[in-house]
Colleague: 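One structure follows; several queries about it will come next.
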Amino acid sequence: MPNIRIIDSITDPGSASRSNEDSAGGNASCAFVIDGATGLGGTSIVGLHGSDAAWLARFAQSTFEELVRNGRQVTEVVRELNQRAANVVHEAAHALPIEAWNLPIASFQMIHVEGDRLVTHGLGDCRLFLADADGKVIETSAIKAAYAKERDRARRAIAQSGGFATHQALADEPVVRDELRRRRAAYNQPGGSVWTLGIEPAAADHIASEQLDIALPARGLLCSDGFAALADQYGRYGVSDLVRAAASTGLAPLLQELRHIERVDDPDGQQFPRFKISDDATAVLFEIVP
């Protein structure tokens, strides 16, 4: 049976003025990363950890570490997680109506030992990068090529808002915010294409799962999109190079490089369009051995 060992992990808020809405963790049978979606100007519902997204990221972390085991289906874990989260949110709301765009949501990507198989599961835009003993490279996400669509939307939002010179986060600009609210309100809806961790148990039926046929030992990274930008948005690394750099120097130098690109090389977002100067960034470096 394969074994997962976490070698290193790192998480960093995109801004000192905001809560870190990422989390990560693992246990004997899994490793995972979670990326809470920053709120779009609504009132906090749960009122913990600085934002509802930060609360959900930590709630999901503890629930995954409690419930994910070899032999239990991840779909059932996510169904239970979202039902638990729904109970908390509805109790905190005191029966008051909640706009769909204001509900807490989060992406996740996980690698899980299932008997003698390795499987990755996810919802949303977190990333898995993996290199095996034969040099095979795997990169995946529940939403394929989400980073390219995000970059195109950010480019339009920068043009609409005037960029970071006027708004530290483009979602603060009213027209951009209204569009983001419209898009988010369509998440976790029957017939919709985007499902997440949150308050909809039915999201479990939309998890993207892939069996990993790899030669062991293997090493990999689970990343929020904020950390994966080193490869996906900024083009500094290919998959194997990023995994190799993480294994040889650790994750801290890579985080420093990421922040230097965002805050020194391209602080206005003209070279690398994005919705914030810096997003929360989280990564887990792991190895899989026989």
Side-chain angles (χ1 to χ4, degrees), residues 1-11 22-35 61 64-65 68-70 73-75 77-78 106-148 207-255 257-258 281-290:
M1 183 175 70
N3 292 284
I4 298 172
R5 185 172 76 90
I6 294 175
I7 302 170
D8 192 11
S9 65
I10 199 165
T11 187
D22 287 356
S23 66
N27 58 31
S29 67
C30 74
F32 57 83
V33 65
I34 298 164
D35 182 354
Q61 175 190 352
F64 277 157
E65 290 180 336
V68 176
R69 294 288 183 268
N70 191 352
Q73 293 186 356
V74 172
T75 53
V77 172
V78 169
S107 301
F108 85 96
Q109 195 71 36
M110 175 186 294
I111 186 166
H112 185 218
V113 175
E114 301 183 3
D116 60 356
R117 303 186 308 147
L118 283 164
V119 183
T120 185
H121 302 280
L123 289 168
D125 59 4
C126 292
R127 296 282 272 147
L128 168 66
F129 301 128
L130 190 147
D132 79 358
D134 292 339
K136 179 181 178 181
V137 170
I138 293 173
E139 56 90 12
T140 194
S141 177
I143 302 177
K144 307 303 182 189
Y147 56 88
I207 293 173
S209 301
E210 301 174 46
Q211 183 170 326
L212 302 173
D213 296 315
I214 55 175
L216 302 181
R219 284 180 173 165
L221 285 168
L222 290 157
C223 309
S224 64
D225 64 336
F227 194 97
L230 275 171
D232 290 338
Q233 301 287 14
Y234 309 151
R236 290 297 177 92
Y237 295 90
V239 173
S240 59
D241 291 337
L242 184 61
V243 173
R244 188 180 304 112
S248 62
T249 66
L251 294 171
L254 291 172
L255 177 64
E257 182 177 4
L258 175 80
T282 301
V284 176
L285 173 66
F286 62 88
E287 66 177 358
I288 309 164
V289 296

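These numbers were taken from a predicted model, which means no experiment stands behind them.
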Colleague: Salt bridge or not for Lys144 and Glu210, using N-O below 4.0 Å?
Modeller: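 Judged by the 4.0 Å cut-off on N to carboxylate O distance, Lys144 and Glu210 do form a salt bridge.
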Colleague: Is a side-chain donor or acceptor of Glu65 paired with a backbone partner of Gly26 at a separation under 3.5 angstrom?
Modeller: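 At least one qualifying donor-acceptor pair exists.
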Colleague: Any side-chain heavy atom of Gln61 sitting closer than 4.5 Å to one from Phe32?
Modeller: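 The answer is yes; the side chains approach within 4.5 Å.
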Colleague: Tell me the closest heavy-atom pair linking His112 and Ser29, and the distance in Å.
Modeller: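 Result for this residue pair: CD2-O, 3.2 Å.
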Colleague: Applying side chain to side chain donor-acceptor pair (under 3.5 Å) to Gln109 and Thr120, what does each step give before you reach the verdict?
Modeller: CA-CA 7 Å; Gln109 195 71 36; Thr120 185; 2.8 Å; yes
Colleague: Once rounded to the nearest 0.5 Å, what's the spacing between atom CD of Glu139 and atom CZ of Phe129?
Modeller: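 Reported value, rounded in 0.5 Å steps: 6.5 Å.
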Colleague: Kindly indicate, with the supporting measurements, whether the criterion side-chain contact (heavy atoms from CB on, under 4.5 Å) is fulfilled by Tyr147 and Arg127.
Modeller: CA-CA 10 Å; Tyr147 56 88; Arg127 296 282 272 147; 3.9 Å; yes
Colleague: Using modelled atom types only, decide if a donor and an acceptor are shared between the side chain of Lys136 and the backbone of Leu130 within a distance under 3.5 Å.
Modeller: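 Not confirmed, Lys136 side chain does not pair with Leu130 backbone.
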Colleague: Under the side-chain contact (heavy atoms from CB on, under 4.5 Å) criterion, do Asn27 and Arg69 qualify, and how do the steps go?
Modeller: CA-CA 8 Å; Asn27 58 31; Arg69 294 288 183 268; 2.7 Å; yes
Colleague: Ring-plane angle category for Phe108 and Phe64, please: parallel below 30°, perpendicular beyond 60°, tilted otherwise.
Modeller: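 Plane angle between 30° and 60°, so tilted.
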Colleague: Heavy-atom distance under 4.5 Å between the side chains of Val119 and Leu212, does that happen here?
Modeller: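 Val119 vs Leu212: side chains apart.
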Colleague: Rounded to the nearest 0.5 Å, how far apart are CG of Leu255 and OG1 of Thr11?
Modeller: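 Rounded to the nearest 0.5 Å, the CG-OG1 separation comes to 9.0 Å.
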Colleague: Under the 3.5 angstrom rule, does the side chain of Asp132 hit a backbone N or O of Ala215 as a donor-acceptor pair?
Modeller: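 Here the side-chain-to-backbone pair exists.
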Colleague: Specify the closest pair of heavy atoms between Ile6 and Gly25, including all atoms of both residues, with the distance to one decimal.
Modeller: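 Looking at all heavy atoms of both residues, the closest pair is CD1-O, 3.9 Å.
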Colleague: Answer yes or no: is there a donor N or O on one side and an acceptor on the other, between the side chain of Thr249 and the main chain of Ala246, under 3.5 Å?
Modeller: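 Not confirmed, Thr249 side chain does not pair with Ala246 backbone.
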Colleague: Under 3.5 Å, which donor-acceptor pairs link side chains of residues 283-290 to any protein atom two or more places apart or in another chain?
Modeller:
unit_1 : atom_1 : unit_2 : atom_2 : d
Glu287 : OE2    : Arg5   : NE     : 2.7
Glu287 : OE2    : Arg5   : NH2    : 2.7

Colleague: How long is the span from the OG atom in Ser141 to the CG atom in Leu123, to the nearest 0.5 Å?
Modeller: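 Going from OG on Ser141 over to CG on Leu123, the span is 10.0 Å.
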Colleague: Any luck finding a side-chain donor-acceptor pair between Ser107 and Asp35 under 3.5 Å?
Modeller: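 The criterion, which ignores hydrogens and geometry beyond distance, is not satisfied for Asp35 and Ser107.
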Colleague: Regarding Gln73 and His121, do their side chains bring together a donor and an acceptor under 3.5 Å, going by distance alone?
Modeller: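 The answer is no; no qualifying pair exists.
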Colleague: Side-chain atoms of residues 218-230: list all donor-acceptor pairs with protein atoms under 3.5 Å, sequence neighbours left out, distances to 0.1 Å.
Modeller:
unit_1 : atom_1 : unit_2 : atom_2 : d
Ser224 : OG     : Asp22  : OD2    : 3.0
Ser224 : OG     : Thr282 : N      : 3.0

Colleague: List the atom of Pro2, the atom of Leu216, and the distance in Å for their closest heavy-atom pair.
Modeller: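 Heavy-atom minimum between the residues: CB-CD1, 4.1 Å.
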Colleague: Can you tell me how far apart CE (Met1) and CG (Asn3) are? Round to the nearest 0.5 Å.
Modeller: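 Output value for this atom pair is 5.5 Å.
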Colleague: How far apart are the closest heavy atoms of Ala231 and Leu242, and which atoms are they?
Modeller: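 Nearest pair, atom of Ala231 first, then Leu242: CB-CD2, 4.2 Å.
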Colleague: Hey, could you give me the CG/OG distance between Asp241 and Ser248, rounded to the nearest 0.5 Å?
Modeller: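 If I round to the nearest 0.5 Å, the distance is 10.0 Å.
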Colleague: What distance separates Met110 CE from Ile4 CD1, expressed to the nearest 0.5 Å?
Modeller: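 The CE atom of Met110 sits 9.5 Å away from the CD1 atom of Ile4.
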Colleague: Quick one: closest heavy-atom pair of Leu258 and Ala281, and the distance?
Modeller: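 So the two residues come closest at CD2-CB, 3.6 Å.
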Colleague: For Ala245 and Tyr237, work out which heavy atoms get closest and say how close.
Modeller: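 Heavy-atom minimum between the residues: CB-CE2, 4.0 Å.
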